[in-house]
There are 2 protein chains.
Amino acid sequence: MPRNLKDHILQTASELFYRHGIKATGIDTIVKASGIAKMSLYKYYPSKDALVLAYLQTSADCMRNRILTGINDKNFNPQEKILAIFAVFDEMVASPDFRGCPFINAAVEYADVDGPIQQAAADFYREFCHLLTDLARQAGYSEPEELSTQLSILLAGATTREQIHKGSGAMRSAYKVAETLLKINSAEKALTVSGKTPLNRVEINKF
Amino acid sequence: MPRNLKDHILQTASELFYRHGIKATGIDTIVKASGIAKMSLYKYYPSKDALVLAYLQTSADCMRNRILTGINDKNFNPQEKILAIFAVFDEMVASPDFRGCPFINAAVEYADVDGPIQQAAADFYREFCHLLTDLARQAGYSEPEELSTQLSILLAGATTREQIHKGSGAMRSAYKVAETLLKINSAEKALTVSGKTPLNRVEINKF
DNA sequence: GTGTCAATAGACAGATCTGTCTGTTTCGTC
DNA sequence: GACGAAACAGACAGATCTGTCTATTGACAC
């Protein structure tokens, strides 16, 4: 059912790369699974590395979409948006197909290569932290970069833990910690600015 | 300089596995790097998988040693021991040879294999969480398992982040969060038990 | 010296992987 | 029906990987 051959190849390859790992997925496996000819694959993707890069690209697009949809659909304030990101991640790890973060996995598989694949993985991570920092800044926190680092650590750690022990509920634990951090930093910031503790407006409570 | 041939092979293999990845390290590479004959390797380790398992075993031993040394040397109380674990991890990620957690990396490389390698990785993680839970219980926290989950998330997340972006100081951020969590949960526990807030005894401040 | 045994050196088999090449088939357009 | 481009089918080269095999070296006990 390939509406577009190039996309069909990429989609099949992406599923296999994510499920079994990149190095464990050979070209012949992709060719057989997608039911296309090997020459067609090499026509659209001149090498396996090119295909892997495209896979990481679409993974980044997909992730970005899910996150932005999750935080922009309802009219959340910045603080609520941050917590909504944890809800998006909780959905992700709950999927039966979940097998960790594609970027971290790729970075691990291409250990010593300081090439485009490592770069792509690091780039997405950087972009993601940037989003968190922006939200923290918009929410008015005094140390947005430190806070976003802490939040990204929680997300990466819970993702990893769910990868090793599926269904451990790690993302919900991470959510609780994030809630705490937002409350505390919010209070600190308010104290330094206005001298009194603001209301706690974090009441999404998806969990 | 092989005092013991078997150990020498394992040590060389371990360094290569950790630095370049397991699948990226071939038997011939190990043979050349260690300066031994291939038959010697297969005499002591009947397959590459056996060598990988031994690698994970020694990694676990090494990690366990460092952690236990870090928390048992001085006479820390349980709360201080928990924070001392973060100090040990901060030392680890600061090493120029640091390239992430060997167990997580192995689990990622052997994605779909539900065999002994995945098992060994999951086992260490479980054992480690157990230690954290015990310490949390000894410290008297009301929800030791939830707390240990949160702490392990912080450690795994900071380890991952340092792997992707070396020298980002993620472990110190994780340390700060851990400190906060210990304070807060300590207060909660004390309130439920005695009705008043205890002194904050966490004053290691290695950072 | 001689026998024994661990270790070496390196060829080898068989499998697998990436990437190329050669035909053949299919299908839309004229 | 005829043409041409796209896709298929699969053999093939060359590299690499695991694991085995043979022949040789070297050291130590007797």
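We name chains A, B, ... by the order of the sequence lines, and we start the count at 1 in each one.
- B/A122 approaches A/I164 most closely through the heavy-atom pair CA-CG2, 4.0 Å.
- Atom-to-atom, CG of B/D28 to C1' of C/dA13 comes out at 14 Å; the value is rounded to the nearest Å.
- Ring pair B/F128/B/F89 is tilted by interplanar angle, where 30° to 60° counts as tilted.
- Atom NE2 in B/H20 sits roughly 16 Å away from atom P in D/dT16 (whole-Å rounding).
- Summary of the strand contacts: A/T29 and B/Y44 both lie near DNA chain C, and taking for each the nucleotide with the nearest heavy atom, the more 5' one is attributed to B/Y44.
- Computed from coordinates, the B/K23 NZ to D/dT18 P distance equals 11 Å when rounded to whole Å.
- On a pure distance criterion of 3.5 Å, a polar donor-acceptor pair joins the side chain of A/K38 and the base of C/dG19.
- Residues A/T180 and A/K183 are not in side-chain contact: their nearest non-hydrogen atoms beyond the backbone lie 4.5 Å or more apart.
- Rounding to whole angstrom units, NZ of residue B/K43 and C1' of D/dC21 are separated by 16 Å.
- Nucleotide D/dC17 holds its C1' atom 12 Å from the CD1 atom of B/I30, rounded to whole Å.
- Going from atom NZ of A/K48 over to atom P of C/dC17 covers 8 Å, rounded to whole Å.
- At D/dA6, none of the side-chain N or O atoms of A/S40 fall inside 4.0 Å of OP1 or OP2 (strictly under the cut-off).
- Comparing atom distances between the A/Y42 side chain and each of D/dC8, C/dG19, D/dA6 picks out C/dG19 as nearest.
- A/K48 contributes no side-chain N or O that, together with a main-chain N or O of A/G26, makes up a donor-acceptor pair within less than 3.5 Å.
- When the C1' atom of D/dC17 is taken as reference, atom CD1 of B/I22 falls 16 Å away, rounded to whole Å.
- Across the protein-nucleic acid pair, B/M39 atom CE and D/dG19 atom C1' stand 9 Å apart, rounded to whole Å.
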